[in-house]
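As the structure is a prediction and not an experimental result, all values here were calculated from the model. Positions are given from 1 along the sequence. Read the numbers this way: they start at 1 and go in the same order the structure lists the ligands and their atoms. Only this structure's heavy atoms are used, side chains among them; waters, hydrogens and symmetry mates stay out.
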Amino acid sequence: MGAMRYVHVSASGKINPALYVGDVREDGYHDLDIFFESLDIFDEIEARAVEGGEVSIVMQGAAGGVPCDDTNLAVRAARLLQERYGVTQGVELTITKRIPVAGGMAGGSADAAGALLACNELWELGLGRDELMELGAELGADVPFCLLGSLARASGKGEVLHSIQPGYLHFWTLLTFPEGLSTPEVFKRLDALREERGVHNSLEATREAADTLEELLGQPDNSAFAPYMANDLTEAVCALRPELGEILERISDMGLARIVSGAGPTIAILSEDYETANAVANHLIETVPEATIKRANGPAAGAHLRHSE
Ligand code: ATP
């Protein structure tokens, strides 16, 4: 047994200030030009050492619909470390969920990132962040970013990351919905829509806008980048969930800058300062009763150690 008995990690959810989808690659994934921002909405991952090699998990908080079996991404993360490094110890994971499930906020990936970090500590494997990010990429395209945190742009299927030094804080209001969307289904719908129209999508066409966004995100201004927020999945998300298109329109009519995060259905609204964001949140509670309204600020830290003993 290692000396460590208990490790507590916080893992942040993300939104995507922009998400451009290019062509389908030979491996079946889409080429992406994608921006990530960690928000201060955290899942808590607690890991307790157990004798023997068993990996178990308890989910608490708003974890409806998340499996507690071997398909849970945190369990897969712990198992991956065990297999790769011949670990004979086990772990009892407890996850307190605050990141909306299947909401386009990388909740599962955050838990995987948190479990990698926690078990690395618990089992005293001594892996650095780069090594954990490489392992994370085997679990899901968003996992490396969940370890890195803050603000980043990625290409490939989302795993070739580079950090952006944030210029300022961003004040977001989130609209979350009880029923999630499946990421593969949203991409499938996008493919169908594009095929119908015979459009060929090159990331070259959006490169300039994305470059401008990257530059603006690094400047000391908290909302100058608003006009460059974009998500190529929006149309597919609205095709699968028509009421979301109507809500997006309602928000635009209010003069607010909004995006769908990832494969939705979470909508993120950017405000120019803290007070405005709070006022927007209060207003939306009245005007969009079908959503749950949350305030969040970014960029926040990625998965990080809180406590160990
Ligand atoms: P992304 O934005 O990365 O596509 P998402 O935020 O839309 O993901 P998740 O919350 O990661 O979606 O959940 C996607 C699916 O993954 C869920 O339907 C859930 O059953 C499964 N899953 C497995 N493990 C977890 C976990 N620890 N937390 C949340 N979901 C998990």
Side-chain angles (χ1 to χ4, degrees), residues 9-19 21 29-30 32 34-39 41-47 55-80 91 93-119 136-137 139-148 152 154 157-159 161 174-190 231-234 236-237 240-241 244 259-268 294 296 302-303:
V9 164
S10 289
S12 49
K14 61 81 183 164
I15 55 165
N16 304 105
L19 196 173
V21 185
Y29 286 93
H30 290 79
L32 300 175
I34 181 170
F35 290 73
F36 292 97
E37 177 169 341
S38 294
L39 298 185
I41 294 182
F42 299 97
D43 280 0
E44 306 301 333
I45 293 98
E46 293 170 279
V55 175
S56 63
I57 191 161
V58 173
M59 301 288 303
Q60 52 189 37
V66 178
C68 284
D69 57 16
D70 288 1
T71 63
N72 190 297
L73 275 167
V75 172
R76 291 183 50 209
R79 291 253 159 82
L80 181 63
V91 61
L93 295 164
T94 304
I95 296 185
T96 307
K97 251 221 174 290
R98 297 206 200 90
I99 305 169
V101 174
M105 293 186 67
S109 304
D111 294 350
L116 286 175
L117 199 63
C119 292
L139 296 163
D142 290 351
V143 181
F145 174 74
C146 290
L147 285 158
L148 184 66
K157 54 182 180 181
E159 80 292 8
L161 276 175
L174 304 178
L175 285 79
T176 69
F177 298 89
E179 204 185 333
L181 276 169
S182 142
T183 301
E185 242 173 78
V186 172
F187 274 95
K188 234 184 278 165
R189 180 57 71 101
L190 176 73
N231 184 345
D232 279 349
L233 295 173
T234 307
V237 167
L240 290 165
R241 209 48 83 70
L244 220 64
I259 37 153
V260 169
S261 181
T266 299
I267 297 170
K294 291 187 181 33

Discussion item. Could you tell me if the side chain of Val21 sits less than 4.5 Å from the side chain of Leu32, heavy atoms only?
Written reply: yes
Worksheet item: Applying a heavy-atom distance cut-off of 4.0 Å, which protein residues contact ligand 1?
Response: Lys14, Gly65, Val66, Pro67, Thr71, Asn72, Leu73, Lys97, Pro100, Val101, Ala102, Gly103, Gly104, Met105, Ala106, Gly107, Gly108, Ser109, Asp111, Asp142, Thr183
Worksheet item: Can you tell me if Asn231 uses its side chain to pair, donor with acceptor, with the backbone of Ile259 under 3.5 Å?
Response: no
Discussion item. Closer than 3.5 angstrom, by distance alone: can the side chain of Arg98 be matched with the main-chain N or O of Glu44 as a donor-acceptor pair?
Written reply: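 No, the answer is negative, given that no donor and acceptor are paired below the 3.5 Å cut-off.
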Worksheet item: Does Asp43 have any salt bridge (charged side-chain N to carboxylate O under 4.0 Å, His left out) partners at least two apart in sequence or in another chain, and if so, which?
Response: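 If we apply the salt bridge (charged side-chain N to carboxylate O under 4.0 Å, His left out) test to Asp43, skipping adjacent residues, the hits are Lys97.
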Response to the item:
To the nearest 0.5 Å, atom NZ of Lys294 lies from atom CD1 of Ile99 at 10.5 Å
Discussion item. Is it the case that atom CD in Glu179 sees more than 12 heavy atoms from other parts of the structure closer than 6.0 Å?
Written reply: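 Atom CD in Glu179 is not crowded, with 12 or fewer foreign heavy atoms closer than 6.0 Å.
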